[in-house]
Each structure stands twice: as structure tokens, then as C-alpha cells.
Amino acid sequence: MHPLVRWFHQLGSPPYFDRFAARWAPWCHGIGAVAMAIALWLALFRVPADYQQGDAFRILYVHVPMAWMSMAVYLGMAIYAAIALVWRIKLAEILAMACAPIGALYTAVTLATGSIWGKPMWGTWWDWDPRLTTELLLLFLYLGVIGLYAAIEDRRQAARAAGFLAVVGVVLLPIIKFSVTWWNSLHQGSTISLTGPSHMDASMQLPLWLMVIGIHAWFVGALLARARADNLRREIGKAWIAETA
Amino acid sequence: MNYQGYVIAAYAIFMLAILWDWLAPKLQIARARREAKLRARRDATRKGEVHS
């Protein structure tokens, strides 16, 4: 058997995953924390103020990475949920359900920081603009997945039902992404792009990309830690957990 | 710095969320391990009662 395939099979074993997550989550958190700390320092003290928005534009350095992550985490959750539904892999169920609270938190931060930026820039905390409304719907979807997973006693049935909702809800992602293009929206279009030209000056970009790297590493750490917690809860009463507890 | 209050509020929310993201699973893991320990102790006591 190929070593990678063997490792993947091993990872599906609850005790092995517990050791794996316990070992790597702190590393991911550490890398994420260092990258985010440098990014925040640059964003607050080194980057010049925007000529139109003044210092309010600095909110962008926490708002934009969180907004990207709110959608990326949902996509990840839907992929894990689809794998769990098709191949009935328990670890995929656990990972999918661990994504939900993290994604909900990131979406809530996106909405809150966007609202705080909107007050001085738009003159209002909230507007039923397509981007804001669809992002709010994303938060409700996350809460729906969390609620459904908590409502059913049998953990595997609960994960399947919540996973199905996660997979169906993926249709919202392109609507959020293209809402600023499809409709006449108050929310601005994309300022920076991985593939196309960016409308942001190069001197302002470094903290943003550092923050993106940092939040990705942090997310992996959070995912491993939450998945480990769910794995432990499901395995209470098993011999291996009694030995390690 | 202009709009200082707004910037501080946004960064504070971000920091609190990140802190919670780190703390919540730690608390869940500690609770699960405590429950596992209690159950193991209960099982051991029950086994002891059966043998005696």
C-alpha cells in the first residue's frame, strides 16, 4: 500500500487522529498567531492611511480575510460533508461538523466589522444590500447546520442530516461572490484579486496577504482542535480514551 | 488616527473572536477528558463490586 494511502487510513482511526490533532493544532495556532500579529502591527502602524477613507480603511485588514474565510470554510464543510455522505467516513463527518462553528464565528465577525466600517463610510450600520444580505444568509445556514447537528441524538445520523444541509447550502457561495456584479450594489466590488489586477496600492497589500496566510493556519489549528474535541466526545467509554484520560 | 473608535472596535471584535476560537475547543477537550475519566472510574468501581 502506498504510504500516503496507509497514512490516510490510519488517520481515520480515532486514537491516531487524537494524537495527530494534539500534535499539530498548537503548531498551526502558533504559525497563525505569529503571522497575524505581524500583519496587525503592519496594518495599524506601518501602512499609510487611505486618501479617501482615512484610517477607517484599516478595518479592511480584518474584514476581508474573515469574509474570504467565511466562504472558504463553508466550501470545506460542504466537501467534507459530501465525502461523509458518499463514503460514510466518520472522520469526514467530524471535520465537516467542526467547520460549522468556526465558519459561523468568522461570518459573524465579517458582518460585525463590515457594519463598523459601514457606519463612517456609508452613514449606516446596515443596509439590505445583496452582499450583506447573502452573507447574513450564510450565517443562518451555519447556524442551521449547528442546530441540526445538536438536535439529533445519534451522532452519525445528526452528522448526515446536517451534512446534507451543508451540501445543499453551497449554492449560496457563488451568489455571495457575484452579488456585487449581478446587482447594483452598495457594497464595493473586489479590490484585490489573486488572478487579476488589484485596485489596491502595493504598499498596502503585504499586511493583507500576511493576514490571509495567518488566518488559514489559525483555521487549520482550530479545525483540528474542534474535531479532536468531537472525536473525544464520541469515543467516551472506549478503552483507548480511558487509558489516555 | 481618525475614525479611531471604529478601528479599535473592529480589531477588538476580531481579537475576541480569535481568542474564543482558541479557547472553546480547549474547554470542550478538557470536559470530554474529565467525563472519560469519571466514566472509567465508575466502570472500575462497578467491576470491583462484581468481583467482591
Side-chain angles (χ1 to χ4, degrees), chain A residues 18 21-22 25 29 32-33 36 40 43-44 49 53-63 65-66 98 101-102 105-106 108-109 112-121 214-215 218-219 221-239 241-245, chain B:
Chain A
D18 185 67
H29 274 137
M36 285 193 292
L40 289 185
L44 284 172
Q53 299 182 24
D55 287 302
F57 105 100
R58 295 182 200 281
I59 295 172
L60 174 152
Y61 292 109
V62 288
H63 173 73
M66 279 285 160
I102 307 171
L105 186 69
Y106 293 177
V109 173
T113 54
S115 177
I116 291 169
W117 177 87
K119 180 62 182 165
M121 292 299 114
I215 196 69
W218 185 270
F219 163 70
L223 178 66
L224 286 174
R226 282 185 189 267
R228 185 176 172 225
D230 195 11
N231 184 45
L232 283 171
R233 273 197 302 266
R234 286 176 181 225
E235 293 287 308
I236 285 175
K238 300 273 174 70
I241 198 171
E243 285 161 17
T244 57
Chain B
M1 186 186 273
N2 50 22
Y3 303 115
Q4 192 176 13
Y6 295 103
V7 176
I8 290 171
Y11 278 70
I13 287 172
F14 173 78
M15 298 296 283
L16 281 175
I18 288 294
L19 186 69
W20 176 247
D21 203 21
W22 175 76
L23 197 62
K26 279 205 172 303
L27 295 174
Q28 289 170 358
I29 289 167
R31 196 185 308 147
R33 292 176 77 88
R34 208 167 40 238
E35 260 178 61
K37 209 181 276 181
L38 279 173
R39 186 181 291 202
R41 204 177 297 161
R42 253 198 328 263
D43 289 350
T45 314
R46 206 173 293 153
K47 223 176 267 176
E49 280 170 5
V50 170
H51 286 301
S52 64

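In the text below, chain A, chain B and the rest are named by the order of the sequence lines, each starting its count at 1. Keep in mind that this is a model prediction, so the values were computed, not measured.
Residue A/Y106 touches chain B through its side chain alone, counting heavy-atom pairs closer than 4.5 Å. Neither the backbone nor the side chain of A/A49 comes within contact range of chain B; no heavy atoms are under 4.5 Å apart. With a 4.5 Å cut-off on non-hydrogen atoms, A/L44 touches chain B through its backbone and its side chain both. Proximity to chain A is absent for every atom of B/L16, based on heavy atoms less than 4.5 angstrom apart. For A/L105, the part lying near chain B is the side chain, with the backbone staying farther off; criterion is any non-hydrogen pair under 4.5 Å.
Closest approach of A/G54 to A/F57, counting heavy atoms only: O-CD2, 3.4 Å. The two residues B/E35 and A/I236 make their nearest non-hydrogen contact at OE1-CD1, 3.5 Å. In plain terms, the two heavy atoms of A/V109 and B/A17 that are nearest each other are CG2-CB, 3.3 Å. Residues B/P25 and A/A229 share a closest heavy-atom pair of O-CB, 4.2 Å. Taking both residues in full, the closest heavy atoms of B/Y3 and A/D55 are given as CD1-N, 4.3 Å, listed atom of the first, atom of the second, then distance.
Taking chain B as the reference chain and counting heavy-atom pairs below 4.5 Å, the highest number among A/A56, A/A98, A/A25, A/G221 is found for A/A56. Interface remark: of the candidates A/E235, A/M66, A/H63, A/K238, A/M66 forms the most heavy-atom pairs closer than 4.5 Å to chain B. Between chain A and the options B/Q28, B/Q4, B/M15, the largest number of non-hydrogen pairs under 4.5 Å is found for B/Q28. Ranked by non-hydrogen atom pairs under 4.5 Å with chain A, the options B/A9, B/A24, B/A10, B/G5 are led by B/A10.
The main-chain N or O of A/R58 is found under 3.5 Å from a side-chain atom of B/Y11 such that the two form a donor-acceptor pair.
Counting only heavy atoms from C-beta outward, the side chains of A/L232 and A/D18 approach each other to under 4.5 Å.
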